[in-house]
Structures are given as structure tokens and as C-alpha cells.
Amino acid sequence: MSDTVLSVRNVETFYGAIMALRGVSIDVNRGEIVTILGANGAGKTTLMKTICGLMDPEKGTISFLGKEISRQEPDKIVRQGISLIPEGREVFPYLTIEENLKLGAYTRKDDASDDLEMVYSYFPILKERRKQASGFLSGGQQQMLAIGRGLMAKPELMLLDEPSLGLSPLLTQEIFGIIRRLNAEQKVTMLIVEQNAHIALATAHKGYVLEMGRIVMAGDADDLANSADIQEFYLGKTEENERGQKRWKRRKTWR
Amino acid sequence: MRIAFKTSYDTDIDFHEHWNNRFWIIALVVVMALLPFIVSEYYLAEVANTLIFSLAGMGLMLLVGHTGQVSLGHAAFLAIGAYTDAALMNAGWPFLIAFPVAGLAAGLFGALIAIPAVRLSGIYLAIATLAVFVIVEEIIILAEPITGGVGGLFAPTIEIFGLSFDRYANLSNFYWLCLVIVVLVTLGYSNLMRSSTGRSFLAVRDSEVSARALGIDVTRTRALAFGLSCAVTGLAGALMGHFIGFFNYELFSIFISINLLLVVTIGGLGFIQGAFLGAILITAMPQIIAILRDGLNATAGIDLGSIPGLDTIIFSLILITFIIYEPAGLYGRWLKMRVWWEIFPLARRDMFRRQKSYLKTERQK
Amino acid sequence: MELLQLLFGGIANGCIYGLVALGFVLIYKASEGVNFAQGDMMMLGAFIALGLGNSDQLGLPFGLAVILAMVLMGGVGWGIERVVVRQIFGQPQFALVILTIALGFVLRFVAGSIWGYTPLVLETPFTGKNLQLGGIVLGVADLVTILVTAVLTIGLWAFFAFTRVGLAAQAASQNQMAAYIVGVPVMRVNGLIWGLSGAVATVAGVMYASKGAIDPNIGLLGIKAFAAAVIGGMGSLPGALLGGLLIGVVEPIAGRYAPGEFAAMAPYIIMLVVLVTKPSGLFSQMQAKKV
Amino acid sequence: MSLLKAEDIAVHFGGVKAVDGVSFEVDEGEVFAIIGPNGAGKSTIFNLISRIYTMTRGKITFDGTDITRLPSHKVAPLGIARTFQNIELFDHSTVLQNLLMGRHTHRSTNFVEDILFLPKVRREEREHRKRVEEVIEFLELEAYRGKMIAGLPYGVRKVVEIGRALAMGPKLILLDEPASGLSVEESQEVAFWIEDMRRDMGLTVLMVEHDMKLVSAVADRVLAVNNGRPLALGTPAEVQSDPHVQAAYLGTPEEDAA
Amino acid sequence: DTPGVSDDEIKIGGAHDLSGIFAPFSVPAVQAAQMYFDEVNANGGVHGRKISYIVEDHGYQVPKAVQAGNKLINRDGVFAMLLNLGTPHNIALFQLMGPKGVPNVNPLTAARQMVDPPAPWKFAGTASYYDAVKETAKHMVENEGTKKFCNMILPTDFGKEIEGAVIDASADLGMEVGPTISHKPDETDFTGALGKVKSAGCDTVGMALGIGQIINAVATARKLGMDTKFVLSSAGFHTVVAKGLAAQGVTDGVFAGAGWQDIEVRIADTPELAEWVQKWNAATGDALPGTGALLGHSGAELLVAALEAAGPDLTRENFIAAMEGLNYADPIMGNTVSMSADDHVAAKEIFVSKIENGSWQLIATIE
Ligand SMILES: Nc1ncnc2c1ncn2[C@@H]1O[C@H](COP(=O)(O)OP(=O)(O)OP(=O)(O)O)[C@@H](O)[C@H]1O
Ligand SMILES: Nc1ncnc2c1ncn2[C@@H]1O[C@H](COP(=O)(O)OP(=O)(O)OP(=O)(O)O)[C@@H](O)[C@H]1O
Ligand SMILES: CC(C)C[C@H](N)C(=O)O
Ligand SMILES: [Mg+2]
Ligand SMILES: [Mg+2]
């Protein structure tokens, strides 16, 4: 089944006078993992925030499960089954780890204790520290907590904004393992923004490339992984950048 | 849109990139200087009052807007300035010496307070300064021989080189005196903000850890800011004393502290210009409301004056509306308007619509 | 014996500061904002109770009048959040301070327009009633104050510690964006808390009114109560109570034993001492930022 | 010769032994990396060096000075600059101002001179500005010079923070995860910068990083830590092939997963 | 031509506290004055001129009071000031008014400085706090058996006047005085202060506190079993004090010295008073007008009387002369207005009253 879970149409979002999204359209189908690649400042975070209502688009529509959701309060959108793992962790520093996780299940009516155990099994350190304030966790531990909190919501659609930020290589692999597993076993649809394009493209079914607030490329993850531009700018596969050699400034030129 | 071609670092170091900005500032000062020949006593006294509030506002702005420390007790430093100045002049000191010494006294007292208080921040500092304020108030009452106790005292007349600068007898002279002082302080303040001391204030405001990591002594910096802030406020206090002419401790009430906070926030936190705009709003708005009210009564026969306290409510409602629509303050609004003009035909209508924003805890330093 | 008497009076009085302080803490816990109109909400609460209960006004039975007043003030608090506070959501806390200072003027004006500026006396069943207990006199009003404060503090504490909404409110104060993305209806929770603080303010107002007369300016007490909340470690409910009690107890004892003007300074000196030794209050709510 | 020397340093927070007996030496002109799982204590080591935390035991010497008990603002003047894992910039100032703030240790004027803006102050301002422009050029921040930090994308902020540290003109620079949140291309650039810092500016670099590509590309030596204790020390290749490090930290190399 | 006077209008100014801590005085005073002027204006005004009373709010802040004065005097050009509230505020304004000779009629403060040092344009409505309390204190010693006074005051000039009066009265009578305890306006617990009073052996307390505080403090004293007597000034001479104390079960031992008589007990046999109370009630809903209203009304009445007497050619000089020639009985205040060139206090009687069963009863009148 390939019905559309999320459909973003011609969205334009501004920060005051600055136009961060210049008419973005993407589709995410049920059961898919979709990744968005893009350099710094391309607007990836802005897109994620716009989808879940943390920012209001000035133009365009966003529909989730066929219902228009743009310009609603974020908590309403979340309640309909979207969960965001935000860039930069955003934990509740004075609450304990367990309270943080429990808040992840705030919108759920059913019992979430199984999922709590599941999160603890993914990240044993969180269990060890569950009665401590989360503000003192290391950067990576907070990232685990943020991911765990997102998982607790058991959403229909998960938005992950740079989930691997600050995680060790081992954990990065584990996280993507979890993502694949959730997708395969529980059919959670995923939209992932990731700087680590290797692993993102390896995990995703489909990908978009966002540059300067515009989608400049879209396609199957495999096709993208094989495209020359992607290889050069996102996978770092150009060999002339050897150590000691004079480097050339070759910046992306899609405008 | 104007473009400045920068040919040396001095272009950035100087106050203004453009000659015409400089022109406007000079023009403003000239007009201000000529004001006594243009307007009546009523307006002149109001402008003098506004200048004094701007001065006090600059004092608080340095602390709240530029160093991120909040004081609910700045009325105390106004008082220290006013009483020191009056006491010294009563002891025979000339104004030209008593006045700076009054500022210095307020500044030193402020720095003294700051040393134990620098560990405090946010509302904790606000309450500590409130406590200091109450204690200063009591000390003023107790120090009757100097302060006149609760009865208060008359400010001595200012005389400089045989010329009288008395507020009631020679308002124009007094006004010019205020103007000169305000101009000088503004210059000094702007200089401070374009040099490393000013930058260290901003650093301490935005991130203490980073400031430390850059070698900034946070404790010293905050104490210095507190001291400077109090000194400027003290100068304003001395002028206020002369302006009002008679005062007791009730002049320096908590409401004055609150008014000063209104000045800096409504004006625009973090901008020297904000202190002026805020002072203008706070001192002129009630007068404008009153004048409009009188006008309404005279022309349309609608007598709002018969509802006691309505002026204050209208003023409060304006404040509320204002803070809702422009939390960045008057100067923030001005900056936006300027941008809008500069790119005029290209400006979007809702260019300045606020994007949603979210706060995070400020309990972490 | 005299000391005991002073202590008792001080505790009862401190409870009133504590009650108002609770209102400050409530709002702080939910949004880290400071509501400078808290004292004025207390004032309005007292007037509404008076308007409903006094025999020359609506004349409802006291208990009913108080409960209705709490409900009404809950509505006022909720409405204030809904109509004005919400508009500056996400803006620096300073905006709220200015906003609530101005709101305080509005509330005073409203009370003044309805009930006039002449002080009025609230009729309560316990006004002027006293109990003798081994040489010390216990005012029934004082006893009620202490009891009500204890119950409210514990109740509110439990609300934050054990309920889902209480947790959500705290989350919202620490990180509004994160609270939203876990699905907390931040605005609604805020409205609820403002309503709650209106109700708590009413209780404080009624207890305050039982000791004298009220006029639209009694909200001035809010400043001292705010100080109490802060030295308690703004954000901690027991801290607020403790801060209130500290000030409440110091006042009469200093009034009795300290010389002259020093007595009036005493609570503020204590505040300074507390803050200098514990820069973030008795029940500290500050953390060093983890970098 | 060693510029920075940590001897058996440890810090405990209640029951958490964040760092528990780590010793290492960073030689002058070296690029030294610290790696380890999340929560291993890497950032804490940085915080001990910059005296944000006070150590439970141990000793740190920098350039012959014992800095174990130094107040935190006295560390920078010795020539130690740092960046933060979670970016600690002055959000309400421009990029230029942020970089100028990095020049604080080089000021020689006092506040009275600043208020009067004596010619001396102007001269010094020009000098600061010149230095900062060099940094701006080096990190290619020209386009952002007058922008407020608050509106910059994550990656640019990371670079500005590096710039602020460089503006100080330090001997030793501590970089906490300089490449996290950066794209492959951008982290390659960071690699070049680190290279240049060492070669052209004569800086010693101590960094924490999870991007093993970057570490292998620039580091001379690598210290792996786990649970606050040292795990392995050696060249990047040596440490990466250490089975303990692989088990606790690296897992199966990324390329395989791709 | 005279400032503020035109063919059909006389502008009168008032710097008031309509939003601050003394709003309980200013607001009713302004309402009462306005009510009186409305009546006068409806009846054709004074010599064909309508009175317009321009009121500015200073919120008990001195700088705002100065702004208000500046507007009223320099912009509006008022003829005279009426009922300006607050001691420091009045004194600050004197500096604007003095050089121009703007008459200051019945300021809402009974500080001695209102007529001392004297000036042609300064007038006061009633006996000062000082005189009233001093005479009352003497009365207490002579008739109520007071042996020793203490003071409980707000540290304002008002408080100091009361303290000074009590101390001077004691000195005149050769008595020792107990300590003065000062209180903040937001203080709500008086147990400690009363303990001090008790241990100092005072049987009477001179009290200068806010209304709520007075009720609270007196009730606390009774609760603690003290039979201390209390002497209040005109600022505490308020019907609500009697009512509030009655609610707290306190029915005796409270005295006040003021320049007028309490209205409650006189309504029945003073028709003018009854009429006015009824009007007030209709206009505001208050059962009884308070002190502010009383002062506001009498001030307005006095001003109008003087304007009438000054004749159609109104100048400040002939207004001042008219003021100095006033002599009439004010049934509402229950006192007599009479001034002369060297006496600018309108009503000089001092009425000593006592709370009995929830009402103020007049017990002595001192000239
Ligand atoms: N608060 C803000 N104010 C003004 N402009 C902003 C703000 N936040 C982001 N921007 C601008 O919006 C654009 C998109 O930013 P966004 O954070 O969405 O990028 P991103 O793709 O997530 O980048 P990164 O990879 O660094 O996270 C950037 O050019 C940035 O400068
Ligand atoms: N101030 C503190 N209070 C309590 N615990 C702390 C504090 N600082 C650090 N810790 C703990 O010390 C441990 C090490 O933290 P640190 O930040 O050094 O980890 P890290 O190695 O930098 O990890 P990451 O790669 O995730 O950034 C963590 O378990 C953390 O929770
Ligand atoms: C009693 C009030 C009418 C005046 C006030 N006490 C004052 O003198 O300031
Ligand atoms: Mg991003
Ligand atoms: Mg770290």
C-alpha cells in the first residue's frame, strides 16, 4: 500500500524577512523511510518545524493522513500521530530521565510501560540514570534521551532531525538499526534529516535534496546514492581532496 | 538602499557609517540646544524632565539591556545621587564638583553592593536590589541631619561661574545643563559599547561560560557594570533633585524603579537609543493622554476626567497593547521601519510578522 | 511565652505571604514568568468574596461566597492568560513583567470602580474570634490561615509532583518547544495554571481581609510575597511557604526586640543574608549549565 | 616537549565518576584527539582543563604552569582557547562582535580609557579588527560578518565558535566535536582548517570528535576513553584497530553499513 | 486678565493620586468636588462662569506631581489649585505656584508646611495633624487617664507629625514618652510592636497607620488582652475604622482628633448632611461618604464661596481677599470656616471623638 501519509505542497516559510523555505513539496508514503539531505542552512530544520506546526508557513499546504494540518497548534498536530525528534536534543533539563520519557507518551491513552522498557533496553545508560535530572547528561546521552522520548509517542510518522548528532559511531549504527526495525516491524513511517548521508541513504527508501530552501533533487535512495553530485557533495567520494594537497574551493552551485 | 563602501576599519569603529546619519544626529542636538527659544516653559520643563529620565534610563539600560542584570532598586541610586549632591552643595561645594562626586558616590556604593551580589542573577538579583532599596530608604530616614529625614530638603540652587542654573528661576539654563550632561554621558556610553569593556558586558549577558573561557572575569565585569550603571543613575538622581527642587525619600519610591524598568523595556532592551525612546514614552504619554482628554472635553464635551484614574488605565492599556505588538521595544520597531523604508518597494507586507518563538529555561547559567 | 505568641502570629502572617507567594510560584513553575499582578489578583479575589458574601452586598453564606469567588477568580486568571498573556507567548520574560505591571493597574481600577476606594471590611465567621491555649491567644482566623496554607501547599505540591498535567506544566516552563512536540497543549496548561493562581490568590485575599480592611491597594503586599517566593528559591512551593514564614516570623520578632527603624529593615536584611549565602534561594532551582 | 600535561585527573559528581584517573600529554604542535562512547567523559576532560569543573584529584599543567586551581577566567590568558560541544556563542551579537570578544585577553585599556575612547583605544580596536579579519578570511566567514548569531544555521555557528577561539591567538585550542552536525564536505573543510592551524599558525590542537574520518585525517595521536578511564592511546590506526575500542565505540565500520 | 479666568469659565487644577496608594483619599475627594461643581455649574456657575476642575493623576509619585503641576499651571494656566494631595507633592509644587502666586486651596494633607511658613497664596482646610493630635493627646491625659504614650507610625511626614505632636504634648505636660515604632505601609502583623508598647509601659498609643493597619493593630492588641488606648489623627478618623473594629469585636478605647465631626451620628439631625449623603449614595453607591469625600466636598464649597465673594471681576488678589473674609458654618463637616489675613486655616476647631459601639461619638471640641 502506498497511500500518502504526509504531503507538503509549495510551502514557504519565513524568519521575519528571511525566506527559509521557497516552495517546498514532498510526499511521504505509508511505511516509507524518507531522507532529506542538504547542506548547512538549506532549511531542513525549518521544514521539519513547519511540518509539525512549530513554525507557521506563509504559503502552501501540509496534509497528514489526508487532513490539512498547517497553521494548527503543534500539540494538536502531534496528537494526530506525528512525533519530532528535534535538532539539538531539547530535553527538559530539570526533569528526571524517566519523567522526560514519560512525557514522550503524553498524548497516549494506553499504557506505555512496555515502550519504556523498550527504550531502556535500547539505551541501558538511561535506565541506570533514570532518577537523575537530564540536564547533566552528556551531549550524546541527551540525544539518546530525545530519541527515546520520540519513540515513546508511538507515532504514525516520525520526524528525525539529525538523530546521529553527537552520537558515537557505534550508537549511530544502532540508532539506524532501530529505525529500520521500527519501520519493518511496526510500520512506522519516517522522515529523516541527516548529515551522515551514507547511513541515511543506506537506510532510506527515498530521498530529497534540499538546497537554499528548494528541493533540487528527488528520487530513490539508491539512485541518489549513485548520482555524481551526491557522491561528491554528500558522500565525500572525491579523491583529489588528499591530505597535503592544495585544496580547491568547490562549492555547490545549485541556486 | 544605501551602501557604505568601507575603506578602513575606522568606518566600523566610528559611530556612523554614513555621513547623513551623522548629520541627523548633529541636527537633532542643534535643535535641542535651540529649544528654549522655540517652546514655552511647559514644554521646556517637560523636555528637561524627559532628559533626566533618559539619563536614568541609560543607567539602567547599561545594567539590564547590556549586561543582563535586573535591578528593582535603582531608585535607591537615584536617591544616593540626589542626596549626595544636595549634601555636598549644602556643605559649600560647587555644583561642578558636587555633581560628579554624587555620581561617583552612587557608583561606588553600587559596586560595593555588587561584590556580594554578583553571584546572584535574574530575579534573585532583582530581589536583592529591592532589599537594598528598602534599606537605603530607611537609612535616608535615619540620616536626618544630612537628608532632612522624612521631612526632606530643598535642593540648593545651582550656580556655575556666577550664572544661575536654577530650575525654577532659570529654566533655560537648567535645561541646557541637562542637555550637556546627557550628551556627554551618551557619548561616553557609546564609546564604552564600541570598545572591549562594552563587549565584555554583552558577553557576560549572553553566556557566562563562554565569557570565562575567553578570559573575561565575570565577577569583575558584572561589578563594573553595576557600578557604572549606578553612577549614571546617581547623576540622574542629582539632576532630578534639582529639577524637582524639594524632595524627601518618597520621591525615590519603588514605583520610580518600576518606571525605569518600563523605560528600558519599552524603549528596547540593549539599545542606548531605547533609553531615550522609553523615557519619551513614559514621561510624555501621560501628558499627551491628559491633553487629549482635555481636548475631548472642550470640543466634544466628553468628560473622561470625571472617571478617576482613567488616564492611568489608558496609559496601562497602551503599555499592554504595545508590549503585545512590539515586545522588542520602540527602538526595535524603529529599526524595522527603517529597514522597510530602505528596501521600500520590495518590502513584503507581512515581512515583520513574528514567527512563533519558544522560550527555554533561564534557570541554567 | 511572649516569644511563642510572636511566633504564632508570625507564622500565621507568614502564611499569608506564603499564600500569595504560591501564586507566584505556580505561574513561574508553568512558564518561568513572574506575574507582577499577583498581589492585585489577591486584592480582587478579596473584593469578589466581599461582594458575594457581605450582608450589605449579595449576602451569600461565607463558605459559598469564598468558593464562588475562587471560581470567578479562576476565570479571571484563565481569562487574563487567554486574552493577553497568550499574545506574548515565547517572548522574553521581561515582556510578561511589564504586561503584568500594567495589568495590576487595570485590576486596581476595576476594583476601585466597582467597590470604591474607601476601605471595606469583609465579614467572616471567624473575625474577632480567639482561642486561649496555655497563655497564648490563637486567633481563629490565624488558625484557619495556617491550616488552609498547609493544605494548599501540599495539594499544589502533589499536583506538580504526581499529576500528568503538573508534570506537563513543569516541562513547558523548561522548554516550551519540546513540550509542544511531546503533545502538551502548552497554552491550555498555562491557562489552567493562571486560573489556579487566581483561585489561590482569592484564598490569600480572604485570609488577608479577615485581619483588617481592604482597599484596591492592598496588592502592594505582593512585592513582599514575591520576595518570599524568591528567597524560597522561586519555583519551589515549599520554598515559597518557607520564604513567607521566614519573613512573617522575622517581622514581629524584630518589631518586638530590634531597635527603631532597624525593625522595619529586618525582613529585608534577612532577605539579603539569605541571597548572599544561597544565591538561588533556600530551595535552589538553579543548575550550572552543562557544556 | 609537552605543552599540556594531565596527571591522573578525576572528577566525580555524586556517584557518577565522569573522569576517573586519566593521564595524557599533548606535545607542542601536535593534533591530539580524544574519542570514546557517549558519556565517556571527554567533554568533562575539557571542562577540567578550562576549569569549569574542579577536579576531585589529579593535576593539570599547561606550559609549565599548574592550572589545577586557577580561576576559570585565568585559563584563557595563558593561551588556551576552546569551543563547546553544544555551541555557546553570544547569541544577541553579530559574528564580528563575537570574534572581537575573542580578543579579550589582548586588551590593555581600562574602562575609563574606553569611555573616553582615547586614541590608544582606537589603535587597539584597529589591531583587534585586523586580527579578526584574518580569522574571517581564514574561515571564509565574510558573508556572515554582520549577521546576528541567533539566525545562523547550525554549521555556521560551529565555524564562528572556532573563529572566536582562533581570534584569541592561543597556543592550545580545544575543539569539542568540531564536525558534529556538519556535512561530509564541511567536515573535510574542518580537516583542512585544523591542518592549517597546526601548520601555519603553529597551534596545538586537542579535540574530541566522533567522526573517525576526520580523526584519522588530522590527528597525530588518539586517546580513547570509556567510563572515565583510558582505554587506548596511540596513532589513529592503532587505536581504531584496538578491539576494546571497536567493541565499545566503533562497532562495525561505517562503510560496511553503507 | 487673570490666568484661568475667562468670561464663562474658571479653570481650577488638582494634582491627585487617582491610581496610587492614596487613591482612597483622592478619588472620593475628586468625585465629591466634581459633584459640587456640577451642581454649581447647573445653576449657572459663579458670576456666570462655569467651574472646570482639571484633575491630573500623579499616583503619589513626586516627579509625576511636578509634571502635573507644570501642565496645570504652565499649559492650562489654572486660576487656583484645589485639594492637591500629598505633602512632598504639595511642597514641590509650591515652587511653581509661589512665584506666580497660584492659590493653593485646601490641600489634601494636614501637614503644617501647608501654611507654614505663611504666604498669601497658601491655605489649609482644617487644623493640622500636629495641632489636632497634640490637643487630643492633652485631652487624653486630662480626661482619659493616660500616663504614658508610645507611637506607632508610618515613617512619612504624616507619621512624624503625629509623633511630634504626641512628644510635644507629653513634654508640655511633663510626661515621659515611650518608644516610637515605625512600620512599612505593607506591614500586616503588629504583635511585635504591641509587645514593645506593653513592655514600655505605655497605656496609650499615638497611631499613624493606614486604615486596614489600624483595624488590624487595634484588634490584635485586644486579642492579646491589652487595654491600651489609641489616638488617631484625621487620617484614621474614618467611619470604616469604627465599623471594622466593631466587626473584630473592638468597641472602645479608640480616639481621634480631627478638624471635623464624624457624619454617621449626625445624619439624623442635620438635614443638609442627610441630603448630601443621599446624593452621594445615589451617585456612587457607597452607603456613607468617607473622609476623602467629606474633604472634597468642603474644599469645593469653600472655593465656590470665595469665588462668589470675590465678585465678577475675579483676580487672584481679590480671590485671596475673599478667602480671608470667609466666615460660615459648614453643616456637613460640622465645623466653622473663618479666615483672616494672617490666618489661612479655614476651620480651626479640633473635634475629639471616640469609638463607641461601632460609631464615632464626639466627646470634646477644642477651639
Ligand atoms: N531564528 C532564525 N532567524 C533568522 N533566520 C533563521 C533563523 N533560523 C534559521 N534561519 C535561517 O533559515 C535558513 C534555514 O535554516 P535551517 O536551520 O532550517 O537549516 P538546516 O538545513 O537545518 O541547517 P543545519 O544543517 O545547519 O541544521 C538558514 O539560512 C538560516 O540562516
Ligand atoms: N555537572 C555534572 N553533573 C553530573 N554529572 C555530570 C556532569 N557533567 C558530566 N556529568 C556526567 O559525566 C559523564 C561524562 O560526561 P561528558 O559530557 O564528559 O561525556 P562525553 O564523553 O563528552 O560524551 P558525549 O560524546 O556524549 O558528549 C556523563 O555520564 C555525564 O552525565
Ligand atoms: C491623609 C491624607 C489625606 C494625606 C496623606 N497622609 C499625606 O499627607 O500625604
Ligand atoms: Mg538543522
Ligand atoms: Mg561531550
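Chain letters run A, B, ... following the sequence lines, proteins first and then strands; every chain starts at 1. Keep in mind that the numbers below use all heavy atoms, side chains included, and drop hydrogens, waters and symmetry copies. Given the structure is predicted, the values throughout are model-derived calculations rather than measurements.
Remark: C:Phe262 engages no residue in a ring-ring contact (aromatic ring centres under 6.0 Å, His included) (not counting sequence neighbours). The disulfide bond (SG atoms under 2.5 Å apart) test applied to C:Cys15 returns no partner, not counting sequence neighbours. Residues passing the ring-ring contact (aromatic ring centres under 6.0 Å, His included) test with C:Phe8: none are found, sequence neighbours excluded.
Using a 4.5 Å cut-off between heavy atoms, E:Leu18 touches chain C through its backbone atoms (N, CA, C, O) alone. For C:Ala258, the part sitting under 4.5 Å from any heavy atom of chain E is the backbone (N, CA, C, O) and nothing else. Only the backbone of C:Pro259 has a heavy atom closer than 4.5 Å to any heavy atom of chain E. Heavy atoms of C:Ile214 lying under 4.5 Å from chain E are absent altogether. For E:Ala219, no part sits under 4.5 Å from any heavy atom of chain C, backbone or side chain.
Counting heavy-atom pairs under 4.5 Å between each of E:Gly210, E:Ala23, E:Ala217, E:Gly225 and chain C puts E:Ala23 at the top. Of the listed residues (E:Pro155, E:Gly212, E:Pro185), the one with the most heavy-atom contacts under 4.5 Å to chain C is E:Gly212. Of all the listed residues (E:Ala293, E:Ala247, E:Gly292), the one sharing the greatest number of non-hydrogen pairs under 4.5 Å with chain C is E:Ala247.
Across E:Ile215 and C:Ala213, no two heavy atoms sit closer than the pair CD1-CB, 3.6 Å.
The closest side-chain heavy-atom distance from C:Leu120 to E:Val240 is not below 4.5 Å.
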Please tabulate the donor-acceptor pairs under 3.5 angstrom that span chain C and chain E, backbone and side chains included.
{"from": "C:Asn13", "atom 1": "OD1", "to": "E:Thr188", "atom 2": "OG1", "distance (Å)": "3.0"}
{"from": "C:Asn13", "atom 1": "ND2", "to": "E:Thr188", "atom 2": "OG1", "distance (Å)": "3.1"}
{"from": "C:Gly128", "atom 1": "N", "to": "E:Gln248", "atom 2": "OE1", "distance (Å)": "3.4"}
{"from": "C:Asp142", "atom 1": "OD2", "to": "E:Lys223", "atom 2": "NZ", "distance (Å)": "3.0"}
{"from": "C:Ser210", "atom 1": "O", "to": "E:Gln248", "atom 2": "NE2", "distance (Å)": "3.1"}
{"from": "C:Asn217", "atom 1": "ND2", "to": "E:Gly20", "atom 2": "O", "distance (Å)": "2.7"}
{"from": "C:Gly255", "atom 1": "O", "to": "E:Lys196", "atom 2": "NZ", "distance (Å)": "3.4"}
{"from": "C:Arg256", "atom 1": "NH1", "to": "E:Ser199", "atom 2": "OG", "distance (Å)": "3.4"}
{"from": "C:Arg256", "atom 1": "NH2", "to": "E:Ser199", "atom 2": "OG", "distance (Å)": "3.3"}
{"from": "C:Ala258", "atom 1": "O", "to": "E:Lys196", "atom 2": "NZ", "distance (Å)": "2.6"}
{"from": "C:Glu261", "atom 1": "OE1", "to": "E:Ser182", "atom 2": "OG", "distance (Å)": "3.2"}

